[in-house]
Structure formats: C-alpha cells, structure tokens
4 protein chains.
Amino acid sequence: MSEMQAARWQRRKEVRPAEILDAALGLFVEKGYSATKIDDIARAAGVTKGTPYLYFASKEEILKAVVREKLLERVADMEHLSHDYSGHPAVLIRLLLLKWWDDVGRTPLAGLCKLMVAEAVNFPELARFYHDEVIMRSRAIARRLVQSGMDSGEFVAGDAEAAVDALLSPLLMTMIWRHSFACVAGCETDREDPKKRLEAALQLVLAGLSHKTTSTS
Amino acid sequence: MSEMQAARWQRRKEVRPAEILDAALGLFVEKGYSATKIDDIARAAGVTKGTPYLYFASKEEILKAVVREKLLERVADMEHLSHDYSGHPAVLIRLLLLKWWDDVGRTPLAGLCKLMVAEAVNFPELARFYHDEVIMRSRAIARRLVQSGMDSGEFVAGDAEAAVDALLSPLLMTMIWRHSFACVAGCETDREDPKKRLEAALQLVLAGLSHKTTSTS
Amino acid sequence: MSEMQAARWQRRKEVRPAEILDAALGLFVEKGYSATKIDDIARAAGVTKGTPYLYFASKEEILKAVVREKLLERVADMEHLSHDYSGHPAVLIRLLLLKWWDDVGRTPLAGLCKLMVAEAVNFPELARFYHDEVIMRSRAIARRLVQSGMDSGEFVAGDAEAAVDALLSPLLMTMIWRHSFACVAGCETDREDPKKRLEAALQLVLAGLSHKTTSTS
Amino acid sequence: MSEMQAARWQRRKEVRPAEILDAALGLFVEKGYSATKIDDIARAAGVTKGTPYLYFASKEEILKAVVREKLLERVADMEHLSHDYSGHPAVLIRLLLLKWWDDVGRTPLAGLCKLMVAEAVNFPELARFYHDEVIMRSRAIARRLVQSGMDSGEFVAGDAEAAVDALLSPLLMTMIWRHSFACVAGCETDREDPKKRLEAALQLVLAGLSHKTTSTS
DNA sequence: AATGAATGAGGATTCATTCAT
DNA sequence: CATGAATGAATCCTCATTCAT
C-alpha cells in the first residue's frame, strides 16, 4: 500500500499544479477572483484546502500562474504564424484574428482576458506582465502587419495604432461580453453566430483600411 | 476640538446622498467594488461609517444607485440628439460617439462602465438594469442610424449589428483600457491624444461602411 | 401659532412619558427587550427617536419605569383587599388570585412579569426592585393568609412557603406561557378557558391544603 | 510560547462540538442569548472566534443544537420509566418529578428551560421543536398518569390538564426562579432545601387530587 | 505528499445615544 | 419641546492561510 501510495503521489506531484490551475481557471472565469474561494479551487481539483499551498504561495500566485500558463503560448503561436508569412497583410490579419477567436475567444481563456481587465488595478504586477507579454506582443504583431500594408500601399496611410484599435476592439469586446453580460440571465442577447458577426465587423475595418476604386458589384 | 466637532456635526440631509454617491463612484472606479470598504466611502464623503446606511440599505444598493444616477441621463441626452436629427447618419454617428467620449469616456464615468463589465456576474439584477437601460438603448440609437444609412444607400448594406459592434467597440475598449491597465504603473502607454486616435479608428469604420468610388486624390 | 404650540407642548409634556411607557410596554412584551428598538418605541408613541431621551436617560431606564409604573398599584390593590378582610383565607386566596388573573394575567402586564423573568439577570437593579416590591409583597400576602389558615386549623399545618409556591405557580406559569410559547405559531395549544383551568388547578391545591373528613364515595 | 502555541493548536474534531455546546450552554444560561458573544463561547471552549463556525452555521444554530442535545434524552428517560411502570400513579408522579429535579432542575439544564421561555418568541422554529419534543411529551406522560389515576378512582375525577398544570408548575417555577431572580445579588431568598419545598408543594397537589377519608394525624 | 482543523484579521451592518437645528 | 441626522462602538460572520497529523 505504501509503495503504491508513494508511486501515486510521485506521479501526482507532477500533475497537481496543472490540475489546480485548470480548476482555478474555470472558477476565476466563472465567478471572478474575489468570489472564488481557495476551498472551491481545491475541491474542483480533487484535493483539499491545504494542497494548493504546497504548490503556490497564495491565492494571488495562483492567479498569476493561471495567466502565465494559459495565454503565453497562444501569443507565441501568433508570432510564429506572422513571421513565417509573406503575402497580403489583410489576409493574415483576418487569419490571425479568427484564429485568436477559435483558440481563445470562444474558449474559457477569453474569460481570463476579461478577468485581467477587471482585476488589473488590484494586481499591478500581474497586470504589467499581462500588458507586456500578451497585449503588447499581440499589438506588435498587428501593428507590423498594418504598417507593412500602409508601406506597401495596400492600406490607406494613417494612424497605425488607431487602425490596430479598430481591428482588435471588436474581438476583445466580444470576448469581454461573453464573460460579463452574456452570463447574466436576461441579457443573453443570443448572438447566433458570433464568429460570423466578428468577421463582418472585421471586414468593415479592413474595407475602411483598403484602397477601393469601385464599390459597385 | 469643538470647532472640528462642530464641523463634523453638520446636518445636510439634502446633499449627503449625492456626496456619498460621488465618493462611492470615485472609490469603486479606483479600487473596484470588493476592495472598496464602506468605511472608505464614508470617510471620502466626510462622514462616518454609519451614515451611508441612513441613505442606502447596503453596499450593493450604493453601487446600484451610483450606476442609476450617473449614467441614465447621458443615454437620454443621446436619444434626444438622435431624434431631433435629420442629416447624414455618418455625421451624427461621429458626433454622438465623440460626445459620449467627452461626457463619459474621458470622465470617471467610464470607470463605471468598466466596473459593470467586471461585476456583471456578481450583480445580475444590476447587470440587467444596465443592459436594458444603457447598453440596449445606446445600441438601439446606433443601430437606427446605421440602418437608415444602409436603407438610404449611404452605407453599404450588410450586417447592421456587426457594424454597430465595429463602431462602438473602439470607444468601449478605450474606456475600459483607461480604467484597467492604464491605471497600472508601467502600463501607461502614453496615448497622447486618445480622442484623436478614437476619431481615426472611427473614421476607418465609417470609411468601410461607406460607398467609395475613388480613393485616389 | 406659537402660543397654541406652546400650550400644546405644555400639555404634551405632561402626557409624553406615559405615552412612551405605554408604547414601550407593548413592544417589550411583544418582542422582548433586545429586539425592541428605541425607534420602535418612539414611533409607537407618535414621536421621534430623540424624544424618549428627553424623559428617560436610557433604554434601560425606560424598562425600569415601565415596570415601576405598571405593576406597583396592582400589588397595592391586593394588599388593601387582604388587609380589610376577615373571613376564610381560602376564599380570599381564591379571590385574590383570580383578581390578579383579571387585572394582570390576561392583560399585557403579564408579559411584563415574563419579561422580568427573562431579563432579571441582565438588569440586577431592576430585578431587585421587582423582587422586593412585587414578588415579596405578593408572596407576603399569600403567606399571611396561608399561615392564618394553618393557625386557625382551616388548613393542614405544614410548610407555608411551599404552599405559597403551589398556590402561585400555576398562575405564574400561565402568565409566562401566554407570553412565550403561546405566541409562537404551531404552539397555540388552545386553552379555551384559561381562567377556568386556573381555577381548577387552584381548587386542587386548596383541597390539598384543607382538612377533609369525607370525600364521599 | 511554542508550548502555548502547541497547546492551542490541537486537532480534536471529535470533541470540539461537544465542548462548544457545553461552553455555550453555560454562557447562554448565565447571560442570556443576546448577551452571549460568539467570542465568549469560543474562548470558554478554548478555541478562537472562527472555530464554532466550523461546526455550527450560526449563533442561532448553536442555541438550537444546545437545546436539542441536552434535553431530549432527559425526556426519553422519563418516557421509559413511565412505560415500564404499573403501580400507583401518585407514586410515579412523585418519582418522575423528583427525578426531573435531580436530572434537570438543579443542574444548568434548568437554565435552558428558562432560556426557552425567554427566547421562544425570538426563535419560533426552535420554540416549536421544544414545545413538541419537550413540553408536549412531558405533559403527555403526566397526563396519562393523572388520567389513569382518575380512571382507577385513585384520583378525584376532574380536569386532567389543570391537574397537570398544578403538578408541573411548582417544579417549572422553581427552575425558572433559580435562573432568574435567584442569580441576582439581593434576591437570593435562600431556599435552604428547594427539593424539600418542591416535595411539599407536590404533596399538597397530590393530596388535593386524592380521595381522602380521614385527615386525622 | 496530503489533509483539514484551527486561526484571526478584516469588513458589513446595527442601533443606542448625541446634539445642531 | 421636539426633531432626526450623525455618530461610532459593538458584533456576527468569512475566508486566506497555517501547521499538527
């Protein structure tokens, strides 16, 4: 029994942190940071109250770890995609935003983005991390693409930062919406196909960004 | 001592509620709902712990009152403006969004919008109120204008809801940004002129929405 | 106006204390001491929160005044009755106990007796007053009658104090009952005629106290 | 310091609830419900403020548990005794009442009975429980005995409920007395032997209840 | 490694009492 | 004389964190 136990524990030791973070992600997203109790997280992870403290120093550290673990690779993905690419910026922009929607926006991770917005003020250090490693890097990708389009003449020259705002905002707001009002009974404005709507909004911005000679069809 | 006492012992029934709500607005916006203690609100309003309870039943009711008091008239303003208007929708859309920026976006009220996003899940009743009385009414104004533009041929026909998303999102995200990351030391990506940037993003969307015959000059 | 006012106030000044004590009696009896708020008393008396403090120093003083005002004369009544009497003790005992029932037991004053029991520990000074002026004087009357019965041979000789206990307890318990369990929904063991039952119990004790030669068979 | 700490940090899940209830019983009886702070209970039980909440949901639940735990078995005892018995009702009545005195009346449990009287109005649910499980069951035992005595001709026929009142009231009032006025300095009418006095009172009632042919001594 | 009993600081709320009007 | 706005001490309860087992 003790050997089996030991073996099991050995194995658990490797996976516990991830299990705890998964549980924490779900609960933070569902109920917010304050309303999530350590005990909830522990139970959701199949352990008891003390266990999270074996792996994380505090509730705050769990939040930090969740953010760190879950979002960084998504950003890295996009950086790789954008580096290996040479073609029309508009096409890649569309591609990347829709990929972000598929990988993050429609998943629980979107809730993490909303959580960061909600809690940024309370966790400055974490906010800085998120700002530098998620926001700035994502915007840098977008900005580079926008700028290259402007430079190549494919896009109308103008304020690149503003263009990035216009491109990203609909996606971000959709993510935030899904984890705020959309969760409230009575506010479920059923957006049948959010992705399609997102695409339409994006298309509008890209159209505004592009030179058009004719608009006839 | 007696002067201080005397100063402390003012009976100002008429103005207390407003003072308390102002104090509450500032603190809720600055620190979030949970992190704001009733005692903080009281002190900021120049009264003591018990006084807020003379006017509001609970901390939650204070939040509700803040939201109710502060945002409704802004929405009503916009409805009036949009009703009395007959001209190019694009012009009014620009006008209204920039007005919202001036009246709300760059003021502490923007923090209230961010707060609603952050706390919607925790205060469903309040969220419904905000959804119905602020969000839906605002979107309705925008949708009407977009639709009339599409009907008149001034705008390219398409998904009106998506167009509303595209138009409003940059404004909303700017407001949210200002009350989340922008408050964190190290994240103050100095946006010298947010209004100008907002205008540029808006211009982009309106351009995408408009028929253009030539883009050259 | 000011003269009328003054006149009215003059008159009020005389009756206010009594009005406040009446209101307090009702509420103390109904809800208990702790659960009765000064504000309740004031409103029930048709005045506002500050007014009771013009006449009484504190909530506790109101309770004391209520007890003092309301019960003393009842006791004095009985003392008079018992002094002016010469006849069979058993008859007077019956008379006095039934009178106490009519004057106190079935009125709200019974609630005051129960209140004293409930709060004696919390208000020792008041308890002492009640003990000396109500309990001891009442028992003294009863004891004198019992003793005279024993001395005259009308009653079986024995422990006079115990006889007093036996005589008074059913009355006291009935009073207490009416202001404790009888007020609770679900416990209203409907005692159709409490006075009749009281009489029967009393009869039993008096029978036990009396010499009986035959009980017929 | 470390020894004190260690002593403070004992894990005794099994015994804590009982310790807390014991402490609570003592304090409730001594000071009343309102005047007893959770912190007092905790300290008296040798734990800290939070610990009672590990075992009981609220102060009210502690009171309920105290009543439930402590009195039910006493009632059950009496039911057993009365069932297994066949003899003169008067004898058993005397026995049971004196047993109740020994088991409850002269112990702190009597304080609980007084507390129930004092707080019945404030805790209707608990009052119903006590009414059904303690009062009614006790009275049922007494009533059965009285009735059987009346049926067998041992007792004078009459109002059985009134007889129960007469039999129980002296005991109840003695219990109540001991936990109200008797606790107040200055009211300690020293009843040298309360049991003896109780017995005398009881004897009186039983005498009144019995057929007597001769009263000679 | 895991448990979960115990801790204790912290915060919302109540209400007797005061005092400027 | 009366008001009722304001006070602030008091108390219940929560929950992140600790540590003996």
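All figures in this text were calculated on a predicted structure; none of them were measured in a lab. Numbers restart at 1 for each chain; the letters A, B, ... are given by sequence-line order, proteins then strands.
- When every heavy atom of D:Ala35 is checked against every heavy atom of D:Lys37, the shortest pair comes out as O-NZ, 3.3 Å.
- Consecutive Watson-Crick or G-U pairs involving DNA chain F, each under 3.5 Å on both distances, make up stems of three or more pairs at E:2-21 with F:2-21.
- Heavy atoms only, all atoms of each residue included: A:Tyr33 and A:Leu63 are closest at CD1-CD2, 3.7 Å.
- Whole-Å rounding puts the A:Asp40 CG to F:dT14 C1' distance at 13 Å.
- The interatomic distance linking D:Arg12 (CZ) with E:dT7 (C1') rounds to 15 Å, in whole Å.
- Minimum interatomic distance between C:Ala65 and C:Phe56 (heavy atoms only, all atoms of both residues): CB-CE2, 3.7 Å.
- Taking each heavy atom of D:Leu21 and D:Ile62 in turn, the nearest pair found is CD2-O, 3.9 Å.
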Which atom pairs, one a donor and one an acceptor, fall under 3.5 Å between side chains of residues 121-131 of chain A and the rest of the protein, sequence neighbours left out?
from     : atom 1 : to       : atom 2 : distance (Å)
A:Asn122 : ND2    : A:Glu119 : OE1    : 2.8
A:Glu125 : OE1    : A:Lys64  : NZ     : 2.7
A:Arg128 : NH1    : B:Ala185 : O      : 2.6
A:His131 : NE2    : B:Thr189 : OG1    : 3.2

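- Between C:Val67 and C:Leu112, the shortest heavy-atom contact is CA-CD2, 4.0 Å.
- Within the 3.5 Å criterion, the main-chain N or O of D:Ser34 finds no donor-acceptor partner in the side chain of C:Ser34.
- For residues 49-62 of chain B, proximity to DNA chain F is found at B:Lys49, B:Gly50, B:Thr51, B:Leu54, B:Tyr55, defined as any non-hydrogen atom under 4.0 angstrom from a strand atom.
- Spacing between atom CD of B:Glu14 and atom C1' of F:dA5 amounts to 11 Å, rounded to whole angstrom units.
- Looking at every heavy atom in both residues, D:Ala23 comes nearest to D:Ala44 through CB-CB, 3.7 Å.
- Taken residue by residue, residues 24-39 of chain D places heavy atoms nearer than 4.0 Å to DNA chain F at D:Thr36, D:Lys37, D:Ile38.
- As a whole-Å value, the separation of B:Lys13 NZ from F:dT7 P is 16 Å.
- For the side chain to side chain donor-acceptor pair (under 3.5 Å) test, residues two or more places apart in sequence or in another chain that qualify with C:Arg43 are C:Asp39.
- Pairs of residues two or more places apart, or lying in two chains, that qualify as salt bridge (Lys or Arg N to Asp or Glu O under 4.0 Å) and include a residue from residues 18-35 of chain D are D:Arg12-D:Glu19, D:Arg16-D:Glu19, D:Asp22-D:Lys70, D:Lys31-D:Asp40.
- Between A:Arg16 and E:dA2, a side-chain N or O to OP1/OP2 separation shorter than 4.0 Å is present.
- Residues satisfying the side-chain contact (heavy atoms from CB on, under 4.5 Å) criterion with A:Thr48, sequence neighbours excluded, are A:Thr51.
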